[in-house]
Amino acid sequence: METISENVCFGGVQGVYSHASSATGTDMTFGLFLPAEAQDGTVPVLWYLSGLTCTHENAMTKAGAQAWAAQHGIAVVFPDTSPRGEGVADDEAYDLGQGAGFYVNATQPPWKPHFQMWDYVVDELPGLIGSEFAIDTDRMGITGHSMGGHGALTIAMTHPYRYLSASAFAPIAHPTASDWGRKQFGAYLGNDEARWAAYDSTLLMRDKGFAGPLLVDQGTSDQFLDLLKPEALAEAIVTRRQPATFRMQQGYDHSYFFVASFMEDHVAFHAEALLG
């Protein structure tokens, strides 16, 4: 593992690191904020999964998570959104290929050799940070924005006891019924739509639900509402009678201004589950 940078931040350290990934077969870069408490022992960790076109850097510099994480003494991990580099398949469209991994394990060429983002986020990267840093991987929460919100919810519901809490900002909530999903799942997973259900938070909510606390924020002025389909997830939550907080935030759009506005709430929500 290579240290790219480390900066003192709210009494802790904001680092950026790269490593050779066995899951993706590429070098991967991630950000990790460690609060001051990590100097004295292990700390719980919140995973933040970013959206389309993002790298590890977008949320790390725009979401404002470090200030609130420092207050509660929890770490935050900012993974990349896809494998990158020479020889990695890509597409001219912004919503497929590099920067658009959708947190799935691809089964179709040319994506299969490298686009194993589910395995990378769920297994490989937690193992790495747990061995290299003062992180308690038995106390993990997960959140994300847009494509990352989709990833956070699907991963949490598939591994309900690995994550003590889950939240999302404007998630792609029903990708099997959206152009932000059907296009990508067809490319990454093939035409058998039965395989897509494992990566759809609305379908997983109907089938499994989540064992821990759940928080979802969605802006009412989000320019991508028709693609996100929050109403489908809300209906599934109600039908299942899932304990959850689902908030429609008046006037907010899809930007990081929206994410930053409610980051304090989300970090406090996870801290209660991770430290309680």
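Bear in mind the structure is a predicted one, so any value in this text is a computation, not a measurement.
V13 is not connected to F30 by any chain of hydrophobic side-chain contacts under 4.5 Å among Ile, Leu, Val, Met, Phe, Trp and Tyr, and they are in different clusters. I4 and V76 fall within the same hydrophobic cluster, where Ile, Leu, Val, Met, Phe, Trp and Tyr residues are linked whenever their side-chain heavy atoms come under 4.5 Å apart, directly or through other members. Hydrophobic clustering (side-chain heavy atoms under 4.5 Å, transitive across Ile, Leu, Val, Met, Phe, Trp, Tyr) keeps I74 apart from M140. No path of Ile, Leu, Val, Met, Phe, Trp and Tyr side chains, each step under 4.5 Å between heavy atoms, connects V122 with L164, placing them in separate hydrophobic clusters. When the side chains of ILVMFWY residues are joined at heavy-atom separations under 4.5 Å, either directly or via intervening members, L34 and M60 end up in two distinct hydrophobic clusters.
Looking at T81 and M117, their side chains never come closer than 4.5 Å, going by heavy atoms from C-beta outward. Contact annotation: the side chain of I172 approaches that of L228 to within less than 4.5 Å [non-hydrogen atoms, C-beta and beyond]. The side-chain heavy atoms of V259 and H266, taken from C-beta on, include no pair separated by under 4.5 Å. Residues R195 and F185 are not in side-chain contact: their nearest non-hydrogen atoms beyond the backbone lie 4.5 Å or more apart. Side-chain contact between W180 and S146 is present, with at least one heavy-atom pair separated by less than 4.5 Å.
The CZ atom of F269 lies 8.5 Å from the OG1 atom of T143; values are rounded to the nearest 0.5 Å. With rounding to the nearest 0.5 Å, the separation of CZ in R206 from CG in D200 is 7.5 Å. For the atom pair CG of D136 and CD1 of I129, the computed distance is 10.5 Å after rounding to the nearest 0.5 Å. The distance from the OH atom of Y120 to the CG atom of D80 is 7.5 Å, given to the nearest 0.5 Å. For the atom pair CG (D27) and CD (E2), the distance works out to 8.5 Å, reported to the nearest 0.5 Å. From M28, atom CE reaches atom NE2 of H19 across 6.5 Å, with rounding to the nearest 0.5 Å.
More than 12 non-hydrogen atoms from other residues, nucleotides or ligands lie less than 6.0 angstrom from CD of E231. When the shell of 6.0 Å around CG of D226 is examined, it contains 12 or fewer heavy atoms from other residues, nucleotides or ligands. Atom CD of Q242 has more than 12 neighbouring heavy atoms from other residues, nucleotides or ligands inside a 6.0 Å radius.
Taking every heavy atom of both residues into account, G101 and S82 meet most closely at N-CB, 3.8 Å. Of all the heavy atoms in I135 and A75, the pair that sits closest is CD1-CB, 3.5 Å. Scanning both residues, C9 and F33, for their nearest heavy atoms gives O-CE1, 3.2 Å. Of all the heavy atoms in R84 and G99, the pair that sits closest is NH2-CA, 3.7 Å. Shortest non-hydrogen contact noted between V43 and A38 is CG1-N, 3.7 Å. Between D90 and L96, the shortest heavy-atom distance links the atoms OD1-O, 3.9 Å.
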Could you give the side-chain donor-acceptor pairs of residues 45-57 under 3.5 Å, partners two or more places apart or in another chain?
residue, atom, partner, partner atom, Å
T55, OG1, E57, N, 3.0

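A donor-acceptor contact shorter than 3.5 Å links the side chain of W196 to the backbone of G190. Proximity of a side-chain donor or acceptor of S21 to a complementary backbone N or O of T24 within less than 3.5 Å is detected. Using modelled atom types, one side-chain atom of Q116 and one backbone atom of A106 make a donor-acceptor pair closer than 3.5 Å. Side-chain atoms of T239 come within 3.5 Å of backbone atoms of E235 as a donor-acceptor pair (strictly under, hydrogens ignored). E124 places a side-chain N or O within 3.5 Å of a backbone atom of S22 that can act as its donor or acceptor partner.
If you chain together ILVMFWY residues whose side-chain heavy atoms come under 4.5 Å of each other, V8 ends up in a group of its own. Applying the under-4.5 Å side-chain rule to Ile, Leu, Val, Met, Phe, Trp and Tyr, the cluster around L153 extends to M157, L204, M205, F210, L214, V216, L233, I237, F246, M248. Taking Ile, Leu, Val, Met, Phe, Trp and Tyr as hydrophobic and joining them when side-chain heavy atoms fall under 4.5 Å apart, one finds F10 isolated, its cluster having no other members. Taking a 4.5 Å side-chain heavy-atom cut-off between Ile, Leu, Val, Met, Phe, Trp and Tyr, the cluster of L203 contains only that residue.
Relative orientation of the F262 and Y252 rings is perpendicular, given thresholds of 30° and 60° on the angle between their planes. Between Y163 and H159, the ring-plane angle classifies as perpendicular under the 30° and 60° cut-offs. Aromatic ring orientation, W118 versus Y199: perpendicular (interplanar angle above 60°, classes split at 30° and 60°). Ring geometry, H254 versus H145: the interplanar angle falls from 30° to 60°, so the pair is classed tilted.
Screening residues 57-111 for ring-ring contact (aromatic ring centres under 6.0 Å, His included), with sequence neighbours left out, gives F102-H150, W111-F115, W111-Y188.
A side-chain contact (heavy atoms from CB on, under 4.5 Å) with V267 is found for one member of M263, H270, E264 and no other, namely M263.
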Output, in order, the C-alpha distance, side-chain angles, deciding distance and verdict of side-chain contact (heavy atoms from CB on, under 4.5 Å) for T202 and K229.
CA-CA 9 Å; T202 293; K229 300 190 178 298; over 6 Å; no
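A salt bridge is defined here as a Lys NZ or Arg NE, NH1 or NH2 lying under 4.0 Å from an Asp or Glu carboxylate O, and R162 with D123 meets this definition.
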